[in-house]
Structure formats: structure tokens, C-alpha cells
Amino acid sequence: MNDELITGAEALMRSLELQGVTTLFGYPGGQIMPTYDALFDHKQTLNHILVRHEQAAIHAAQGYARVSGKVGVALVTSGPGAMNTITGIADAKIDSTPLVVICGQVGAAQLGTDAFQEVDVIGVTQPITKWNYQIRRAEDIPWAVARAFFIANSGRPGPVVLDFTKNAQTSRINFKPQKVDFIRSYVPVPKPDANAIKLAAQMINESRKPFMLVGQGVELAGARSELLALCEKAQIPFGQTLLGLSATPTDHPLNMGMLGMHGNLGPNVMTNQCDLLIAVGMRFDDRVTGNLHTYAKQAKIIHFDIDPSEIDKNVKVNLAVIGDCKQTLTAVTELVEDAQHEEWVNDFRPYAETEYEKVIKPALEPTDGPLLMGEIVRKVSQATNNEAVLVTDVGQNQMFSCRYFQFTKPRSVVTSGGCGTMGFAIPAAIGATFGAPDRTVCMFAGDGGFQMTIQELGTIMEQQCPVKLIMLNNSFLGNVRQWQYLFFNKRYSFTPMVNPDYELIAKAYGIPCRTVVERKDLDDAIREMLDTDGPFILQCAVKEEDNVLPMTPPGANVDDMMLEVE
């Protein structure tokens, strides 16, 4: 019997190692100091990345998780340290990103006394986590950590918070490893219903105009091949949500493009013309559906999802197929008949041609004038052979990037979807370089979002993260400016930006930087960026009043898309 007594902080280190953790992102402080002291002896096995702000720790953990499929880990102190992670926790919850966030806390005897840097982390994070737990005794550490990782990464993934009191960190215990793979009343992967599988296959067989909506759930389940097998067997064209863009190859012949407010014209129009809408691993977000009162009213709807709470939440469906879509898609495919829907697939083409002539060609092949965001994105994508990881911030840079970047590999889109968090990109890109060290990570941000977490250039400098940071600088908060242009009579209230000299800032951090103003210099600058070992900042001066099109105005019908503005 092992009678070795170790501190709770040491027990945490060993528990993390047992969970396979190799990388964590954090920032030390008073109430988490015993844990950081224990971490000092585990530097060979636990690679701690010191960020410059706790918000960056959580976003970096998100980027790491999204590209690796592993649980991202953030380690911060109590009070302000924990509170600085709140936005990222909420972001991870709505975007189904597996995280374990470990926060320091005052000693159990001081709880509720308003002690220095005490905040009710459990109360604050309860609505935005899959599970949260306050560790008040060192004896509970092995169980709590094992349970946290099981919950975070099973079923529909999400964030878990462990609030770690100081006395639990310093008390001594006889460490006994624990494993958690079952929790009573928690069913992470519901068993598929055989009758639902049969009905889904029957509805697909009877359909003449089927259309599939591909969400991030396909990516999370690792179900790319299963989804494509079904679509190819029954010749079902599909569109993708923002977070589902790399779940299938961009150039697949049945891939009709991105759904939603700034998606492609064909998928949005055909949503309201199909006779069967098949949603897989997506949650019918309002940016995808537009006006719910007119959304796909002509179609029968099948919803494949692992989370029963998503069924009928926004869109009433005719059939729910609950379960892991890697299993359910396979089961349905076995029962589906070979089919040809050539005429239906060809119906998408006129919309694609119209969009190409009115929107895509002008965005990608300008003949004069300032640089455009779309052309920069496409050139960077092509220069990486369309194999890079795309990380975006939020705003016009996000929409242009996701429209014009192209994907060949899974887990290639890291962006803040449901929460829309500006400042996400730089730290998420840092995390992505650790989660996928063998891949090129290209980050796009506007000048507004870049400045929100600009201090993380210090983390990039220290770690020499090989992230390629492309700033699309239009001296505006571009997306808000676009809405002000369209819906607020061009009253640009506090959206113009006065920017610093980013080249001087890059020089201070020792990061190579190049600014491009002329189109003739763009290709050479991209080559220089990609040929440079380590980090690189490419600042592109882009058209100030460029607009992301097409666009479904807020509250409009999903197929009522603007292709141009006055």
C-alpha cells in the first residue's frame, strides 16, 4: 500500500497527468500559488504556457481543444483571475468546446466572508458550464478531476470549472488515482432509436429534393466519412454552418457552401425550396434560420443530434434521430437506397453563378482600387494548399475569412460562433499552434479585435508560436460600420479607429512584420510570411468601406439575401 502523503496541489498535478494533459495555459496569482509551486516540479510533463491575461488563457485553451480534439486546460487564480475567464467559458459552452478551467479560491474557512479576491465562482459559472464543483477537501481532488474531464469531453462537449480552495491545495493526502467513466443520470451518448433510424431512411428515400445542413457536431463526432457516404449514396446536396465549414472538403461536388446571414446564396434559397431538410449536429441558430416564421415551412425536417435539448428548441421537426451521428448516419446509410437527384442538384447552379458574378468575382478578382479582404483571404488559403488551420476574430474579418478560405482537412476552423467574442483570435491561434504543431496556423483579425488581446504578442514572443497573423486593417470597427451603413443612415457612431504603428509594436516584441498597401506586393508578402520560421505579422491596408455580401438582413427570411448595396 502506498502511504506517501502529498499535497492537494501535487495530487492535482498527478491527476492531470493521468488524464493525458500535456499542455495548459494559465496565469499565477495568490490563491493558486501552491498549485503553481507544485507545477514547478512537473515542467517536464506539463507544458505550462504563460499568457499575459486570463482571458487569453481560456481562448488559447479553446484553440487547443478545437484543433486537437482534446480537452483544453486553463489555470488561473481566484477573484479577478477567475472572472477574466468568464467570457471564454460562455463562448466554449455555446460552441461545444471541451475545457477544464481550474480556479484558485480562498480557504474553505473564509468562504462567504468577502475575503481578499474571493468571488462566488460556482454561482457565477453555473449557467455557462456543463458542470462546476468547488473542491474544499484535498481528498476530493482525484475524483473531481476525473469527473471533470469525463464530463467535459463526453457527449456534447463543453466547459467544466473546478474551484480549488487554498486549504485543499495545501492539505496532505494519500493519493489514490481515480477513473470516472459513468455518472448516474448522465447519459452522454443516448442509444439510437431503431424506429427513428428506419423512418429517417424512409423519408430520405421518398424525398425528391433533399438538402442537408452540416454542423460542427459532424466535426466533433469525427463523422466526416459517414456523412459523405450518406450524401453520396442518396445524392444529397449540403450546406455548412460557420463552425461546420471544415467538416467536409470545400471542393466536394455536393458542397453548396456556407449557410446563414453571410452564407452563400444557393444554400439559403434552397432551404426554402427543398422537400426534406436534414440537419446534422447543428442547433438552428438564428444567424442560420433568419425569420423562423418562414423558415423551411414547405419541408419535412429530420434533426440528427446528440443533445436531446436541441430538438424543437428553435425549429419544430418531424423526426429526431438522437445519438452520436457517427453511429446514426452509418445506420441510416445502410437503409437508404441509391438515388440520383441531378436536376435538384443542378437547381443550385444558377444561384451560384449569380453570386459569383455579383459578389465573388468582384471580391476575389478586383482590377484596381484598395486591397479587399476577400482576395487576401483566398490568396493566403491557396498559398497553404488549402491545408492550413483558419483562426478568425469576430466581425467582417471573420465573415470574409470563412467565406473565402478553403478547407481540405478536418478541424480547420477556429472561430467564435455563438458568442461572437472579439479578441478571440490571437490567443486562440496561440492555442492552435500547440494543439496542431504540425500544421500551419493562419489567423485573420481586424484592427479592432487585434487590439483587444494585443498583449498576447508577448506570449507569442516568449513561446515563438509559429502563428501567421494577418491583420485586415480598415481603420474601422468594420462589421458595426456595415450595419451603421445599412440600417443607421450611415451614422458612423464611434466606429472609426485611430490605430498605433503596428510595425513598431511588432518590432518591440521581436516579431517580423510587413505592411502591404499595394496589390502588386501582396503575393510576395504572403510568400515571405509563410517562408518565415516562427511568428509573422502581415498587416494589410484594406478598403475602408468594404461590405460582406450576400447578407440576410436581421429578421428577414433566410432566402431574402442582399447581393449588393447602394
Side-chain angles (χ1 to χ4, degrees), residues 12 16 21-33 35-37 39-40 42-43 46-68 70-92 97-104 117 121 159 161-162 164 389 391-394 414 416 419 421-437 441 443 445 449-469 505-506 508-511 534-535 537:
L12 174 63
L16 292 176
V21 175
T22 57
T23 305
L24 60 161
F25 306 87
Y27 201 92
Q31 303 299 347
I32 199 66
M33 209 173 296
T35 293
Y36 269 89
D37 185 64
L39 183 58
F40 190 83
H42 290 259
K43 290 189 289 185
L46 295 172
N47 183 25
H48 177 274
I49 310 304
L50 176 65
V51 296
R52 278 23 182 194
H53 191 285
E54 291 90 355
Q55 179 186 356
I58 196 81
H59 292 329
Q62 288 177 272
Y64 176 90
R66 294 271 284 274
V67 299
S68 69
K70 301 176 183 177
V71 178
V73 181
L75 182 64
V76 299
T77 194
S78 64
M83 291 301 99
N84 283 339
T85 69
I86 296 301
T87 298
I89 294 170
D91 195 297
T97 305
L99 299 181
V100 171
V101 185
I102 302 165
C103 309
Q117 292 192 331
V121 172
V161 168
L162 295 177
F164 200 10
V389 172
V391 182
T392 86
D393 210 76
V394 168
V414 182
S416 173
C419 215
T421 303
M422 285 183 68
F424 175 87
I426 296 179
I430 291 171
T433 64
F434 287 96
V441 176
M443 184 223 78
F450 196 94
Q451 291 189 73
M452 281 195 170
T453 46
I454 196 170
Q455 76 282 344
E456 296 312 312
L457 295 179
T459 306
I460 292 173
M461 172 187 67
E462 179 178 354
Q463 299 293 332
Q464 282 300 294
C465 306
V467 60
K468 310 307 178 184
L469 305 116
I505 292 173
Y509 284 105
I511 300 174
I537 298 174

How many angstroms lie between atom [atom1] of [X] and atom [atom2] of [Y], to the nearest 0.5 angstrom?
| X | Y | atom1 | atom2 | result |
| --- | --- | --- | --- | --- |
| F424 | Q55 | CZ | CD | 10.5 Å |
| Q451 | M422 | CD | CE | 9.5 Å |
| I32 | L39 | CD1 | CG | 10.0 Å |
| D91 | T97 | CG | OG1 | 7.0 Å |
| H48 | L75 | NE2 | CG | 5.5 Å |
| Y27 | T459 | OH | OG1 | 9.5 Å |

**Request:** Could you tell me whether F434 atom CZ has more than 12 heavy atoms of other residues or ligands within 6.0 Å of it?
**Result:**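 Check passes, neighbour count above 12.
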
For M33, does its backbone N or O pair with a side-chain atom of D37 as donor and acceptor, under 3.5 Å? no

Worksheet item: Does the T77 side chain pair with the main chain of Q31, one donor and one acceptor, at a distance under 3.5 Å?
Response: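 Confirmed, T77 side chain pairs with Q31 backbone.
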
Minimal non-hydrogen separation, [X] against [Y], with atom names:
| X | Y | result |
| --- | --- | --- |
| S68 | G435 | CB-O, 3.6 Å |
| Q463 | I49 | OE1-CD1, 3.7 Å |
| A425 | V391 | O-CG1, 3.6 Å |
| V467 | I460 | CG1-CD1, 3.8 Å |
| Q62 | A92 | NE2-N, 3.5 Å |
| C465 | I430 | SG-CG2, 3.9 Å |

Under 4.5 Å between any side-chain heavy atoms of [X] and [Y], yes or no?
| X | Y | answer |
| --- | --- | --- |
| T421 | H59 | yes |
| V441 | V67 | no |
| V414 | V389 | yes |
| Y64 | K70 | yes |
| I102 | T35 | no |
| P28 | L50 | yes |
| M452 | H53 | no |
| P535 | Q464 | yes |

**Residue pair V161, V121: steps toward the side-chain contact (heavy atoms from CB on, under 4.5 Å) verdict** = CA-CA 9 Å; V161 168; V121 172; 3.9 Å; yes

